[in-house]
Amino acid sequence: MPKTSRSREPAARLNEEAVVDAALALIAERGLDGLSMRALGEQLGVEAMSLYHWFASKDRLLDAVADCLLGKVVVPPTPTAETWRQWLAEVARSYRRVGLAHRRAFPLLATRRFLSPGAAAFLQANIAAHLAAGFTVR
């Protein structure tokens, strides 16, 4: 079998987290439009098709990147009726810090559906804070 210019070693060290981190780095460098499976594969030293082992599509990869960003937002314990304003302010400041740190990827949080358990927990915490403030679900 002929030898290719690509090594099999990089693929052995890849995992979902490494692919997402590389995608975030590529987005920071080239913007969302600059992220392609081919460009990401080149950055990681693997064929683009090998990335589909971790993510079935580019959309699933973008969901994972959005989830990673959301995971960087600090969410304090559920507030009480007395602390909900402070809770919301802390979460908003943390959300803003993530946005400033990942300016080119941050639009994903406004455009992706949140399907992961981490995203659901984030949304539930926000709902709990609003309920503690006296708002209703409606």
Can you tell me which residue pairs pass the salt bridge (charged side-chain N to carboxylate O under 4.0 Å, His left out) test with a partner in residues 81-97, sequence neighbours excluded? none
Quick one, Val20 with Phe55, criterion side chain to side chain contact (heavy atoms under 4.5 Å, CB included). Give me CA distance, side-chain angles, the key distance, then yes/no. CA-CA 10 Å; Val20 168; Phe55 299 99; 3.6 Å; yes
Side-chain donor or acceptor of Thr111 paired with backbone N/O of Pro107 under 3.5 Å: yes
Sequence-distant partners of His53, side-chain contact (heavy atoms from CB on, under 4.5 Å), two or more places apart: none
Under the side-chain contact (heavy atoms from CB on, under 4.5 Å) rule, collect the residues that match up with Ala28, sequence neighbours excluded. none
Write out all pairs satisfying side chain to side chain donor-acceptor pair (under 3.5 Å) with one or both partners inside residues 115-128, taking only residues at least two apart or from two chains. Asp67-Ser116
Restricting to pairs with a member in residues 127-138, which pass salt bridge (charged side-chain N to carboxylate O under 4.0 Å, His left out), not counting sequence neighbours? none
Can you tell me which residue pairs pass the side chain to side chain donor-acceptor pair (under 3.5 Å) test with a partner in residues 16-34, sequence neighbours excluded? none
With rounding to the nearest 0.5 angstrom, report the CG to CG distance, Leu32 to Leu108. 4.5 Å
According to the ring pair (Phe, Tyr, Trp, His ring centres under 6.0 Å) rule, which pairs have a member within residues 73-99, sequence neighbours left out? Tyr95-Phe106
Report whether Met49 and Leu40 are members of the same hydrophobic cluster (ILVMFWY, side-chain heavy atoms less than 4.5 Å apart, transitive linking). yes
Does anything in residues 106-131 form a salt bridge (charged side-chain N to carboxylate O under 4.0 Å, His left out)? List the pairs, not counting sequence neighbours. Asp59-Arg112, Asp63-Arg112
Applying ring-ring contact (aromatic ring centres under 6.0 Å, His included) to Tyr52 and not counting sequence neighbours gives none
Between the OG1 atom in Thr80 and the CD atom in Gln86, the distance rounded to the nearest 0.5 Å is 9.0 Å
Nearest heavy-atom pair of Val75 and Ala125: which atoms, and what distance? CG1-CB, 3.7 Å
With sequence neighbours excluded, tell me which residues meet side-chain contact (heavy atoms from CB on, under 4.5 Å) with Thr78. Ala128
Here the pair of heavy atoms bringing His102 nearest to Leu24 is ND1-CD2, 4.0 Å
Just grab all the salt bridge (charged side-chain N to carboxylate O under 4.0 Å, His left out) pairs involving residues 48-58, residues at least two apart or on different chains. none
Gly41 and Leu51 have their tightest heavy-atom pair at N-CD1, 3.6 Å
Heavy-atom pair with the smallest gap, counting every atom of Ala132 and Pro79: CB-O, 3.7 Å
Starting from the C-alpha separation in whole Å, work towards a yes-or-no answer on side chain to side chain contact (heavy atoms under 4.5 Å, CB included) for Leu44 and Leu14. CA-CA 8 Å; Leu44 291 167; Leu14 284 183; 3.8 Å; yes
Smallest heavy-atom separation, Ala23 atom then Val65 atom, equals CB-CG2, 3.9 Å
side-chain contact (heavy atoms from CB on, under 4.5 Å) against Ile127, all qualifying residues, sequence neighbours excluded: Leu131
Nearest-0.5 Å distance, CD of residue Gln43 to CG of residue Leu26: 5.0 Å
Closest non-hydrogen atoms of Val74 and Val91, given as atom of the first, atom of the second and distance, are O-CG2, 3.9 Å
Can you confirm whether Met37 sits close enough to Leu61 that some side-chain heavy atom of one is under 4.5 Å from a side-chain heavy atom of the other? yes
